[in-house]
Amino acid sequence: MTRSLSFSLPVTVVVLAIAYIYFSTVFIFIDRWFGLMSSPGLLNATVFTGVALMCVFNYTISVFRDPGRVPSTYMPDVEDSGNPIHEIKRKGGDLRYCQKCSHYKPARAHHCRVCKRCVLRMDHHCIWINNCVGHANYKVFFIFVVYAVMACVYSLVLLIGSLTYDPEKDEEQTGDSFRTAYVISGLLLVPLCVALSVLLGWHIYLILQNKTTIEYHEGVRAMWLAEKGGQIYSHPYDLGAYENLTVVLGPNPCSWALPASGHIGSGLRFRTAYDYASAASMSE
């Protein structure tokens, strides 16, 4: 499902940054280091173009794909023995109901104040894609970050390499426009490499725990309350590292780097550790 898109300044900034980094990398860094028409130059240009295309493709899907809507007819079935998890309000213990959207919230769904609606398995609202990161677009958002880190690190290596190669010749041929391009690229690439690497590391941690950003912060409070009461808190959706990976990226490792999402299901129910516990007890 896609959604309409209005003008967004952050999205425009991202598009311009991607375009600038691509053209400066291919037509300045690679050309000056290897020569664009040489075999190493063509190889590096081809590989970098492939990474950039995957980055742009996944970014576009992240922007336009609806993160997941709660059906207006959704009603939790508290008598469903196959669904042992029903999230309740902190106060009162009632099933979670969104007063703004006038419907019940499925497990892991939250209301986004920016999008003004509930989002299935909401992770966070990202201004850089002008969209929520949720059930339907989380994988493509994650893959976009992976390819963005690869592209930025690759570009930074080519930038440094083109500066260190034959410095005397470089000093003679470098004009003010090239100097400006190098300065702007460096000011873009260094903070982007750091920020995107931190973001990637954070989401790798979340995926291995099968948590969203919201659930992480809720889990910190739940863990504190459990320890206060002498109990041990365990995240109910944590199925083990590999199973958690397959939940987000898919059962086939060959498709993990591709924006395939046929495995994600409806987003209204998720496998839990209790499913495995009950299955193990029945098999004994």
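Scope of the values below: all heavy atoms of this structure, side chains included, with no hydrogens, waters or symmetry mates. Everything numeric here is computed off the predicted structure, so don't read it as measured data.
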Of all pairs that satisfy side chain to side chain donor-acceptor pair (under 3.5 Å), the ones with a partner from residues 118-127, not counting sequence neighbours
D123-T213
Please list all pairs meeting side chain to side chain donor-acceptor pair (under 3.5 Å) that have one or both residues in residues 138-157, counting only residues at least two apart or in different chains.
T25-S155, N44-Y154, Y138-H203
Counting distance only, does the side-chain N/O of [X] pair as donor-acceptor with the main-chain N or O of [Y] below 3.5 Å?
X	Y	value
N131	R65	yes
D31	L36	yes
S24	I21	yes
W128	P10	no
N210	D238	no

By the rule that ILVMFWY residues connect when side-chain heavy atoms come within less than 4.5 angstrom, directly or transitively, which residues belong alongside I61?
F57, V140
How does the hydrophobic cluster around V119 look, that is, which other residues are in it when side-chain heavy atoms under 4.5 Å mark a link?
M122, I214
For [X], give me all partners under side-chain contact (heavy atoms from CB on, under 4.5 Å), at least two apart in sequence or on another chain.
X	result
W33	L158, S162, Y165
V145	F141, V149, L199, L200
L16	T12
L258	M54

Go through the structure and list residues passing side-chain hydrogen bond (donor to acceptor under 3.5 Å, both in side chains) with Y22, not counting sequence neighbours.
T49
According to ring pair (Phe, Tyr, Trp, His ring centres under 6.0 Å), who are the partners of [X], at least two apart in sequence or on a separate chain?
X	result
Y104	Y97
W202	Y205, Y216
H235	Y237

